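In what follows, a structure is listed as structure tokens, so that the remarks can point back to it.
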Protein chains: 2
Amino acid sequence: MLEKQTRIRRSKARGGRRENRVTIKDLARDLGLSITTISRALNGYSDVSEKTRLRVVEAVRESGYQPNRSAQRLVTQRTHSLGWIKDERAGAIADPHFVEVFAGVLRACRTENYDLVFAAGHHSSQTSAYDRSIREHSVDGFIVDLPQPRDPRISFLLDADVPFVVHGRESRSSQYSWVDIDNAGIFKALAGLMFDNGHRRIALVNGDEHFAYAIERRKGVNAAIRQRGLPADCVTYLSTTHPMGLAGYQLTEQALADPSVTAILYSSSIMAMEGQAAVSRAGRVAGGDLAVATMDDGLRHVDLSPYEDLFTFARSPLRDAGERLVDALVARCERDEPPSGKEMDVTFHIAQGLDSAGLPKKWRPAKAA
Amino acid sequence: MLEKQTRIRRSKARGGRRENRVTIKDLARDLGLSITTISRALNGYSDVSEKTRLRVVEAVRESGYQPNRSAQRLVTQRTHSLGWIKDERAGAIADPHFVEVFAGVLRACRTENYDLVFAAGHHSSQTSAYDRSIREHSVDGFIVDLPQPRDPRISFLLDADVPFVVHGRESRSSQYSWVDIDNAGIFKALAGLMFDNGHRRIALVNGDEHFAYAIERRKGVNAAIRQRGLPADCVTYLSTTHPMGLAGYQLTEQALADPSVTAILYSSSIMAMEGQAAVSRAGRVAGGDLAVATMDDGLRHVDLSPYEDLFTFARSPLRDAGERLVDALVARCERDEPPSGKEMDVTFHIAQGLDSAGLPKKWRPAKAA
DNA sequence: TTAGCCAGCCAAAACGTTTTGGTAAACAGT
DNA sequence: ACTGTTTACCAAAACGTTTTGGCTGGCTAA
């Protein structure tokens with residue numbers, strides 16, 4: 001016998017999960033109130049008597065009622081979730097810097113009671129991932145990280161007029177919310193400390209200069225030079241597109257190939273640590289005949305304690321930045337606040353015994369401009 | 001003048017985001033068709049003529065219509081998203097093993113077109129995080145990883161009768177879907193190889209034996225002993241609750257404190273690598289007078305190439321496991337398939353020149369039981 | 001007493017889909 | 001010509017909330 005073949009779905013089959021969850025309707029029936037009143041009681045409206053509100057709250061507690069998010073989403077046009085589409089270049093999600101920000105974001109999402117929808121998108125298909133997500137209405141706003149100078153994702157999101165927050169900044173930073181540090185100012189200060197202690201040949205071991213943060217850092221170092229009227233060649237610029245693995249060692253090796261280099265400024269404490277093998281190998285000593293300063297992002301799974309007194313640190317925990325990101329984004333999604341930028345605090349932690357030029361042993365803390 | 005104080009919400013303020021998205025209603029109007037027909041055309045029902053379907057598809061294409069997920073969620077009772085509530089013990093999301101699984105999960109989510117809702121929950125509050133998520137209806141199913149022998153999260157989820165998949169296994173593995181490797185079999189095989197090559201004192205550097213996987217691995221080693229009638233003290237058991245950082249070095253140091261140990265079996269390639277410093281320090285040589293075997297999880301950000309010919313590896317990429325997890329979970333959510341378990345393939349990669357006892361230099365590959 | 005106000009409640013509409021249960025027209029078989 | 005089947009469509013209900021725009025009855029002020 002042939003099956004009749006009408007109304008057969010090609011795709012999704014409807015599963016038969018048993019749903020006997022308690023809805024607002026059940027509560028209304030049980031309490032002899034209207035749905036409206038239940039809803040308004042729970043949402044803090046003032047036109048519900050205190051007595052009734054307590055009855056409702058009690059009923060909610062004992063029934064375990066939790067409003068159905070899907071229904072809320074539909075009617076409020078809010079999803080109560082945030083999207084983060086991470087560029088999945090090699091190692092991106094393994095990068096300890098990312099992990100640190102991620103941890104902060106997760107924590108803040110929990111306290112703000114937002115869901116985080118995380119995805120990894122290939123670079124080329126990224127705007128389409130945003131596009132789809134927006135048209136589907138699946139999140140209220142996005143987190144964008146590691147912007148490039150004029151980042152196409154940001155162009156797209158600005159155009160789509162959808163809330164987002166950037167970890168970092170690029171050219172259009174007045175048009176969106178961002179959380180960042182004063183990269184230029186910090187590196188200007190660190191390089192300045194070195195110059196002011198008599199160093200005349202230093203190396204900058206920078207991150208990937210395709211990204212805005214690294215460009216700013218280089219600019220900061222340049223500013224320190226110009227401010228003092230020093231020659232351009234007093235800095236050896238080094239950078240890497242692969243900040244994990246061997247970069248710290250190799251770039252340090254390159255930096256020390258010129259024996260007149262007396263100070264190295266690192267863009268990350270991981271590279272600074274990795275570089276120590278090359279320092280020893282070159283017969284140099286950090287905190288002895290070599291000054292080392294580095295940006296410290298407060299990576300909790302990297303143990304810097306052996307270097308606490310040998311390196312100078314500019315410290316600004318990325319985890320805090322992660323939390324701020326969520327706060328800023330939620331402010332924008334929920335209360336429609338105008339774009340705002342936040343420069344995270346930086347504390348300077350000055351190495352002892354670091355001077356190679358007979359100048360005062362202690363660097364004075366600097367205030368990032 | 002006093003403000004009238006009626007109907008003031010305490011919490012959420014409704015934002016005024018401009019919504020001019022195209023809905024199914026717009027399409028229906030424009031095409032002169034009913035909403036039903038549009039919906040059915042798009043969902044692959046056979047009661048729409050091919051001609052009409054093409055018109056619909058074309059209109060969708062040019063209008064950029066994307067069904068509103070919130071509405072779909074409400075009516076279908078499906079969210080098309082998966083939840084992963086990760087225990088946020090120290091270093092959990094920084095662990096390279098996790099990162100690898102995560103990468104696989106993300107990739108599979110993209111191909112399956114599922115959203116991943118990721119959260120970090122403190123151990124104590126975990127079941128309540130699941131509970132809330134379930135009652136809110138915010139995901140279709142959960143990923144659970146690193147089970148303990150009788151894991152309370154699994155108890156809870158079984159009880160809640162909600163789809164989930166476990167990376168790993170514990171006592172009740174017939175009741176849920178899981179993806180795992182044959183931990184006992186693999187470690188039985190590796191230890192067996194060592195014994196069969198004449199080693200009589202070996203060390204097991206295991207992971208955290210609070211977790212099922214590590215317990216299984218120890219059992220596997222024990223089985224190898226029993227099978228050969230060897231004395232129990234031919235294995236030194238070592239394990240750590242902090243597999244990152246110094247554990248590899250320290251445990252190796254401990255293992256080699258007994259100079260009669262001629263082989264070390266590691267639970268992770270990271271520990272094996274970290275242990276090399278201690279090996280050198282003890283004046284021993286991996287692949288020379290010390291046999292080293294390790295589980296290799298295919299961590300892509302760990303460069304094992306220096307050890308390719310010195311260590312023996314049992315290899316099973318965690319990324320693949322991540323992809324399987326999603327496949328298994330989607331099968332369960334979408335098609336309500338019964339629980340199924342999957343043991344991932346393992347390939348053995350045998351070190352050369354590893355024998356310290358004058359026995360054949362090549363180990364023969366073993367089939368994990 | 002009466003108008004006005006306020007506190008406290010509610011019915012119904014709306015959000016944007018999917019699904020149910022049809023109908024009308026065309027076609028086929030007798 | 002009549003009956004049944006098939007094709008191609010559709011109106012309305014449903015999903016579970018929030019919000020709008022009421023209404024009622026009691027209190028206050030004149």
Side-chain angles (χ1 to χ4, degrees), chain A residues 2 4-9 11-15 17 19 21-29 31-53 55-56 60 65-80 135-138, chain B residues 2-9 11-15 17 19 21-29 31-56 60 65-80 135-138:
Chain A
L2 285 177
K4 285 193 210 158
Q5 195 247 5
T6 27
R7 303 197 173 185
I8 298 161
R9 304 191 67 168
S11 49
K12 325 153 196 170
R14 179 86 186 266
R17 199 144 297 282
E19 302 294 350
R21 286 197 35 260
V22 37
T23 73
I24 200 173
K25 215 178 288 184
D26 301 326
L27 285 184
R29 187 177 13 75
L31 292 175
L33 289 168
S34 75
I35 289 178
T36 308
T37 301
I38 308 289
S39 174
R40 297 181 76 82
L42 293 175
N43 287 311
Y45 282 82
S46 57
D47 63 354
V48 179
S49 76
E50 196 54 26
K51 199 178 112 201
T52 313
R53 183 195 311 286
R55 278 216 299 149
V56 170
V60 165
Y65 168 74
Q66 192 89 24
N68 181 320
R69 276 255 168 118
S70 304
Q72 285 181 317
R73 291 167 92 127
L74 180 58
V75 68
T76 62
Q77 312 275 39
R78 295 233 124 89
T79 63
H80 238 70
R135 290 209 315 266
E136 269 179 351
H137 256 203
S138 54
Chain B
L2 286 176
E3 238 15 79
K4 287 192 210 157
Q5 196 248 6
T6 28
R7 304 198 171 185
I8 297 160
R9 304 190 66 168
S11 49
K12 324 153 195 173
R14 178 85 186 265
R17 199 142 298 281
E19 301 294 351
R21 288 195 36 259
V22 38
T23 73
I24 201 172
K25 216 178 286 184
D26 301 326
L27 284 183
R29 189 178 12 74
L31 291 175
L33 289 168
S34 75
I35 289 178
T36 307
T37 302
I38 309 290
S39 174
R40 297 182 76 83
L42 293 175
N43 287 311
Y45 282 81
S46 57
D47 63 354
V48 179
S49 76
E50 197 53 26
K51 200 177 112 199
T52 316
R53 182 195 311 285
L54 288 175
R55 279 214 301 149
V56 170
V60 165
Y65 168 75
Q66 193 90 24
N68 182 320
R69 277 254 170 120
S70 305
Q72 285 181 317
R73 290 166 92 126
L74 180 56
V75 67
T76 62
Q77 311 276 37
R78 296 233 122 91
T79 63
H80 238 71
R135 290 209 314 265
E136 268 178 352
H137 256 203
S138 53

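Sequence lines set the chain letters: A, B, ... in the order given, protein chains first and strands last, and positions in each chain run from 1. All values reported here derive from a predicted model rather than from experimental measurement.
Put simply, T76(A) has no side-chain N or O that comes within less than 4.0 Å of OP1 or OP2 on dT17(D). For T37(A) and dC10(C), the shortest distance from a side-chain N or O to OP1 or OP2 is below 4.0 Å. Listed pair S39(B) / dT17(C) fails the phosphate criterion, with no side-chain N or O lying under 4.0 Å from OP1 or OP2. One finds no side-chain N or O of N68(A) lying less than 4.0 angstrom from the OP1 or OP2 phosphate oxygen of dC15(D). Note on Y45(B): every side-chain N or O is 4.0 Å or more away from OP1 and OP2 of dT18(C).
The shortest distance between side-chain heavy atoms of H137(B) and Q77(B) falls below 4.5 Å. When side chains are defined from C-beta on, I38(B) does not count as touching Y65(B), because their heavy atoms never get closer than 4.5 Å.
Rounded to whole Å, atom P of dT17(C) lies 17 Å from atom CD of Q77(B). Atom CG in L33(A) sits about 15 Å away from atom P in dT17(D), given to the nearest Å. Taking atom CG of L31(B) as the reference point, atom P of dC9(D) lies 11 Å away to the nearest angstrom. One can place CD of Q72(A) at 19 Å from P of dT17(C), the figure rounded to the nearest angstrom. Put simply, CD1 on I38(A) is 16 Å from P on dG8(C), counting in whole angstrom units. Computed from coordinates, the R73(B) CZ to dT17(D) P distance equals 14 Å when rounded to whole Å.
Listed nucleotides: dC9(C), dT17(C), dG16(D). Nearest to the side chain of L74(B): dG16(D).
Backbone-only contact: T52(A) has heavy atoms under 4.0 Å from sugar-phosphate atoms and none from a base.
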side-chain contact (heavy atoms from CB on, under 4.5 Å) between T79(B) and R69(A), intermediate numbers included: CA-CA 10 Å; T79(B) 63; R69(A) 276 255 168 118; over 6 Å; no
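On a pure distance criterion of 3.5 Å, a polar donor-acceptor pair joins the side chain of T36(B) and the base of dT19(C).
Side-chain N or O atoms of S39(B) include none that pairs as donor or acceptor with a backbone N or O of I35(B) at under 3.5 Å.
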